[in-house]
Amino acid sequence: MQNPFRGSFNIDFYSNQDVIKWVILIVAVIIGGGSIIYTNNLVGKLRKGEEEKIRLWAEAVEFSSLPEVDPSALTFISTNIIGPDNTLPVIVVDSATNEIYDARNVDEDFSARKRMLDKMRSENDPFKIIIHNGVGGKISDIQYVYYRNSYLLRQLSTYPYIQLSVIGIFGFIAYLAFSYSRKSEQNKVWVGMAKETAHQLGTPLSSLMAWVEYIKTIPGMENRDDVIQELQKDVHRLEMITARFSNIGSMPTLKNELVYDAINECLNYLKPRLSSKVNFRIDADSPELTAQLNKPLFEWVMENIVKNGIDAMSGIGNIIVTIGQDTPSEVFVDIADDGKGIAKGKVKDVFKPGFSTKKRGWGLGLALAQRIIENYHNGRIFVKSSQTDVGTTFRIVLKA
């Protein structure tokens, strides 16, 4: 039978969802990286342009101090280069006194200028201005021009990171929304399937109960109590299965149950119905350990894990159940088999619906077990250990 969780395309989107997520992430990183590189390239060009403006301004100031400058050139420089105001903050520092000589586009407050000067020193290297005196063109002073990049350039430098952060937050929220929507849809499918199964089982179960009562009245059957008892056991089992499916659709009632008794009862039912070459053993720290259980659902989980273990052993081997307590608030149940084990790369997929190592498997047993333990018992279930050709151990953790 074709697995219904596989698409009609050649790509198994469900099984390869991790690969698809990585592909999407890589594409997003490439797009984000390309945006940052492009913006940084643009910022670099603008920075060079602003640096060139300051360099030209410093050279103009230095040139204007030369004694042999033509008056018309000096007028042009003063009018078109030195005089015009721009948006770049500039501070001129005297090298001899290390004091601020002049400032442009900077707050007039002295302490504010000092703070701005510290920022300028950390951002850009200064330009040197050599001041000549009017006699013989000798050097009379050396000044340094410090500047800070424009507000627009600073904003543009941080823009791609802000943009990516906003996109990332939006993407994360969208992922949570879609994930929640998908889980809600899955829940509806589970509940609908469970309710419909319970409904379908109800009619033949009622009929079977009537047939068992009828068989009891057949002459000669009074000496076949063994047959009657087995039939009654199977009818009782069907009643329990119907109750299980009914509980899936609503929050079941949890009671303090003896874990050893619940597991022992489950295994005693399974033993005569499974391979006689499988040995069962229960090891318990104490048979009095109790946990919050819904007994029919918990036994369903045990059945699924035990049957999977027996399939992995091809019907020959050992099933060892260990019951213990690591903390006062929790009880653990380990179910170990000595089957073929689970490959390392597949361990994380065993609880996904549709995952199965059997050719005719639907891959619902462990997915259902996880849902029952985590959603209905507030516990945990995971693969404690698994080694190829050695065996697998599942651990269930329940509230004590």
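Source: prediction; values computed, not measured.
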Measure the CZ-CG distance between R115 and D109 for me, rounded to the nearest 0.5 Å. 6.5 Å
Verdict with supporting geometry, N124 and I54, side chain to side chain contact (heavy atoms under 4.5 Å, CB included): CA-CA 11 Å; N124 298 300; I54 300 300; over 6 Å; no
Of all residues at least two apart in sequence or in a different chain, which pass the side chain to side chain donor-acceptor pair (under 3.5 Å) check with E123? R148
Check the orientation of F394 and F351. Use parallel for under 30°, tilted for 30 to 60°, and perpendicular for over 60°. perpendicular
Validation row: L152, L46 side chains within 4.5 angstrom (heavy atoms): no
Sequence-distant partners of S386, side chain to side chain donor-acceptor pair (under 3.5 Å), two or more places apart: T392
Any non-hydrogen side-chain atom of V90 less than 4.5 Å from a side-chain atom of N105? no
Taking salt bridge (charged side-chain N to carboxylate O under 4.0 Å, His left out) as the cut-off, I'd like each qualifying pair that reaches into residues 390-400, sequence neighbours left out, listed once. D326-R395, D334-R395
Are side-chain heavy atoms of I310 and D337 found at a separation under 4.5 Å? no
In the hydrophobic clustering that connects Ile, Leu, Val, Met, Phe, Trp and Tyr at side-chain heavy-atom distances below 4.5 Å, which members other than L164 occupy its cluster, ordered by chain and number? I36, Y161
Could you tell me the separation between the NZ atom of K346 and the OG1 atom of T388, rounded to the nearest 0.5 Å? 12.5 Å
Can you find a heavy atom in the side chain of F382 that is under 4.5 Å from one in the side chain of V397? yes
How far does CD1 of I91 sit from CE of M120, to the nearest 0.5 angstrom? 4.0 Å
Going by the rule side chain to side chain donor-acceptor pair (under 3.5 Å), which residues pair with N256 if we only count those two or more places apart in sequence or in a different chain? Q292
When you measure from the side chain of N294 to the backbone of T253, do you find a donor-acceptor pair of N or O atoms at a distance under 3.5 Å? yes
Counting neighbours of CD on E108 that are heavy atoms of other residues, nucleotides or ligands and sit closer than 6.0 Å, is the number greater than 12? no
So which residues get pulled into I26's cluster when ILVMFWY side chains under 4.5 Å apart are joined, directly or through others? I30
Would you kindly confirm whether F110 and V106 end up in one hydrophobic cluster when ILVMFWY residues are joined by side chain heavy atoms under 4.5 Å apart? no
Which pairs would a plain distance check flag for residues 257-270, meaning a side-chain donor or acceptor within less than 3.5 Å of a matching protein atom at least two apart in sequence or in another chain?
| unit_1 | atom_1 | unit_2 | atom_2 | d |
| --- | --- | --- | --- | --- |
| E265 | OE1 | K295 | NZ | 3.0 |
| N268 | ND2 | N264 | O | 3.2 |
| Y269 | OH | D234 | OD1 | 3.4 |
| Y269 | OH | R273 | NE | 3.3 |

Could you check whether any side-chain heavy atom of L297 comes within less than 4.5 Å of a side-chain heavy atom of H377, counting everything from C-beta outward? yes
Decide whether I305 and I320 are clustered together by the hydrophobic rule: side chain heavy atoms of Ile, Leu, Val, Met, Phe, Trp, Tyr closer than 4.5 Å, transitively. no
Is there a continuous path of hydrophobic side-chain contacts, each under 4.5 Å between heavy atoms, that joins V383 to M313? yes
Residues forming a side-chain contact (heavy atoms from CB on, under 4.5 Å) with V29, sequence neighbours excluded: L25
With sequence neighbours excluded, residues passing side chain to side chain donor-acceptor pair (under 3.5 Å) with R113: none
Looking only at heavy atoms, which two atoms of I131 and I129 are closest? And how far apart? CD1-CG2, 3.5 Å
Co-membership, hydrophobic cluster, residues L254 and W300, 4.5 Å side-chain: no
Listed partners of E59 passing salt bridge (Lys or Arg N to Asp or Glu O under 4.0 Å), at least two apart: R55
Shortest non-hydrogen contact from T158 toward Q155: OG1-O, 3.0 Å
Test side chain to side chain contact (heavy atoms under 4.5 Å, CB included), reference I396, set I323, I373, I372, output is I373
Would a 4.5 Å heavy-atom cut-off, applied to side chains only, mark I335 and M302 as touching? yes
Find the distance between OH (Y376) and CZ (R371) and round it off to the nearest 0.5 Å. 6.5 Å
Taking atom OH of Y101 as the centre, does the number of heavy atoms from other residues, nucleotides or ligands within less than 6.0 Å exceed 12? no
Could you tell me the separation between the CG atom of N149 and the CZ atom of R154, rounded to the nearest 0.5 Å? 7.5 Å
What one should report as the nearest heavy-atom pair of G324 and D285 is CA-OD2, 3.1 Å
S35 side chain vs I31 backbone, donor-acceptor pair below 3.5 Å: no
Within a strict 4.5 Å, meaning less than it, do heavy atoms of the S157 and R47 side chains meet? yes
Is the side chain of N304 donor-acceptor paired with the backbone N or O of L366 at a distance under 3.5 Å, no angle test? no
Taking every heavy atom of S95 against every heavy atom of I142, the minimum-distance pair comes out as OG-O, 2.5 Å
Side chains of V278 and V306: closer than 4.5 Å at any heavy-atom pair? no
Hits for salt bridge (Lys or Arg N to Asp or Glu O under 4.0 Å) against E51, two or more places apart or cross-chain, chain-then-number order -> none
By side-chain contact (heavy atoms from CB on, under 4.5 Å) - contacts of L176 (at least two apart): F172
Going from CG on L88 to CD on E50, what distance comes out if it is rounded to the nearest 0.5 angstrom? 4.5 Å
Residue K255 excluded, over 12 heavy atoms near NZ under 6.0 Å: no
